[in-house]
Amino acid sequence: MKVRAPEAPKSFPAFVLLAFAVLWMALVILLPLVNVLAEAFKQGVAPYLSSIVQPDALSAIRLTLLVAAIAVPLNAVFGIAAAWCFTRFDFPLKGLLLSILDLPFTISPVISGIVWVLLFGAHGWFGAFLQANDIKIIYALPGLVIATILVTLPFVARELIPLMQDQGTDEEIAAVTLGASGWDVFFRVTLPNIKWALTYGVLLCTARAMGEFGAVSVVSGHIRGLTNTLPLHIEVLYNEYDSVGAFAAATLLAGLALVTLVLKSLLEWRFADELAAHRRH
Amino acid sequence: MSLVVKNITKCFSDFAALNDVSFQAEPGEFLALLGPSGSGKTTLLRLLAGLDQPDTGSVEFDGADYLKLSARDRRIGMVFQSYALFRHMTVAQNIAFGLNVRPAKERPSKAEIAATVQRLLKLIQLEDLGKRYPSQLSGGQRQRVALARALAISPRMLLLDEPFGALDALVRKDLRRWLRKIHDETGVTTIFVTHDQEEALDLADRVVVLKDGQIEQIGKPLELYRHPQSAFVFEFLGTSNEVPATVSDGVASFDGFTAPAVSPKALSGAQTVRFRPFDAQLSPTGPGFEAKVLSLLPAGSSLRLELQTPDGKVFETQHAHESEASDLKLGDTVFVRPSKVYVF
């Protein structure tokens with residue numbers, strides 16, 4: 001089915017509406033973005049560069065990428081497993097579990113951080129045990145990772161579930177009757193069919209993992225050069241009135257977001273094409 | 001005997017999908033499982049394929065206990081209504097799949113696999129389309145590819161689940177002939193699930209009629225048609241008209257005339273009898289059931305009439321184009337006399 005291309009606005013009210021929408025977008029999205037760049041380069045290129053290559057900034061970038069590099073693959077594996085369970089099997093309390101999967105979308109990230117402090121903090125449930133065995137979770141990398149995992153838990157699964165539901169199990173059943181092992185079915189049939197949705201979910205998950213502030217802020221402890229991720233680093237600088245440093249770091253985060261956005265748009269374009277092919281199938 | 005199914009029962013929670021089902025298939029036989037939706041025919045097919053386990057009963061194939069084998073090891077070629085082709089693989093890759101996933105020791109060489117694919121592409125008359133993707137094929141072509149993919153593993157048995165259900169009438173008839181031809185060439189025992197009686201009668205060596213999870217009748221198509229064992233089978237195989245009559249010694253007596261009565265049991269007394277549209281005679285005067293012509297339509301080689309009696313009952317009858325029916329007009333009054341009836 002071809003959707004008729006929208007026409008250019010001809011009447012006066014249509015023109016006003018369009019102008020309003022464009023102005024509003026400029027005001028709430030473009031203006032802040034321009035502002036970030038302007039503030040970052042306010043004192044020229046040299047101070048901008050020097051605030052990016054200072055050790056604390058570099059360590060924040062490294063930590064942000066490291067946390068994402070651990071959390072995202074784990075969530076991708078979990079997402080595939082969860083989507084497989086939800087779309088291939090029927091079991092009691094399925095609806096309830098599906099709602100729980102969405103919980104990280106709806107609860108405040110601060111809570112996603114605090115629960116870990118309550119569990120693994122010095123006065124938490126497992127605090128004494130962890131201290132006795134000299135295991136550091138809170139105010140250390142493991143805490144940042146689990147907080148990020150919790151916040152970004154549903155992204156991959158939520159991308160895959162509707163697609164796998166739509167595709168059904170016939171192809172997998174056919175593969176089994178043709179003699180394929182469980183391994184073959186997954187790698188030769190299931191995975192190729194979900195690869196674009198999976199990539200898309202991973203991308204969203206990555207963007208969120210890198211940008212996460214609330215949950216990470218609670219478990220981080222803000223130790224400079226050690227447990228500050230990029231968003232936390234920005235906050236610290238900003239609170240110290242180092243606006244060039246804060247905005248320079250913000251350009252990096254915004255840059256990461258823009259790269260993700262471009263990749264996401266490319267995928268959406270590609271993915272829509274694939275999906276359409278599936279529908280025709 | 002190649003397939004022996006004995007006393008199969010399968011319940012889903014408290015609903016019996018199959019109840020004490022037993023039948024057999026000869027080597028190379030083409031068997032149809034015919035029944036309305038909910039009759040248990042797809043459940044039965046899934047059990048045979050190993051995708052489900054029955055609660056009780058046994059399935060043997062060439063003397064081997066099939067229930068102990070997993071779906072993967074049964075080597076049963078399955079064809080689905082939805083085609084279930086691997087959408088990210090070409091036609092040739094689809095056909096080769098079953099050979100490519102064999103363990104290294106049993107896997108044929110690349111050249112052998114390519115030769116098998118070529119042979120099957122030729123068999124399904126799609127030699128030039130090996131490099132296409134399923135989404136670039138028509139429904140009929142896809143189903144042919146699905147059959148080739150199932151045949152590639154040299155299956156012990158072919159199971160087809162409403163394979164033509166998603167196709168339009170013309171393609172369906174064409175594929176039916178073609179499927180029968182392929183079956184006769186390959187000689188694989190084939191079990192075919194359908195709710196379309198015409199398809200089952202046209203295609204199968206024998207038909208198993210299922211109703212509510214139980215077998216109503218098993219027989220050759222003509223046998224089923226000539227000697228239906230129950231009202232259900234009679235009605236499922238074609239249009240049926242009901243009238244009251246008094247039956248004794250194979251004769252049904254009506255008000256002023258009689259007709260031979262076919263029955264699986266010796267029945268007598270007042271009964272409801274049934275007759276086919278083409279077992280009806282029309283005349284301008286009685287005796288017979290008085291009725292008005294409601295509609296008059298050409299149905300291929302014959303003329304189909306709908307006739308309404310004064311008490312509102314509607315008969316459907318069928319006549320030659322050149323017959324007593326050809327001069328009738330809408331609203332005319334005629335008298336209908338069944339010339340042969342069935343009693344159950």
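Order of the sequence lines sets the chain letters (A, B, ...), proteins ahead of strands, with each chain counted from 1.
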For chain A, the option from Met78(B), Arg75(B), His88(B), Arg74(B) that forms the most heavy-atom pairs under 4.5 Å: His88(B)

Test side chain to side chain donor-acceptor pair (under 3.5 Å) applied to Thr64(A) - qualifying residues, sequence neighbours left out: none

Hey, does Ser82(B) have a side-chain heavy atom less than 4.5 Å from the side chain of Glu171(A)? no

Can you tell whether the side chains of Asp184(B) and Lys181(B) come within less than 4.0 Å, N to carboxylate O? no

Any residue meeting ring-ring contact (aromatic ring centres under 6.0 Å, His included) with Phe213(A), in chain and number order, not counting sequence neighbours: none

Pairs touching residues 94-105 of chain B that satisfy salt bridge (charged side-chain N to carboxylate O under 4.0 Å, His left out), sequence neighbours left out: none

Give a yes/no verdict on a cation-pi contact between Arg149(B) and Tyr83(B), requiring under 6.0 Å between NZ or CZ and the six-membered ring centre and an angle within 45° of the axis. no

Contact part of Ala150(B) toward chain A, heavy-atom cut-off under 4.5 Å: side chain, backbone, both or neither? backbone

Within residues 176-187 of chain A, which residues come under 4.5 Å of chain B, heavy atom to heavy atom? Val176(A), Thr177(A), Leu178(A), Gly179(A), Ala180(A), Ser181(A), Asp184(A)

Toward chain A, the part of Ile76(B) with a non-hydrogen atom under 4.5 Å: backbone

Side chain / backbone / both / neither for Asp73(B) at chain A, heavy atoms under 4.5 Å: neither

Is the shortest side-chain N to carboxylate O distance from Arg158(A) to Asp102(A) below 4.0 Å? yes

Could you tell me if the ring centre of Phe155(A) sits under 6.0 Å from that of Phe78(A)? no

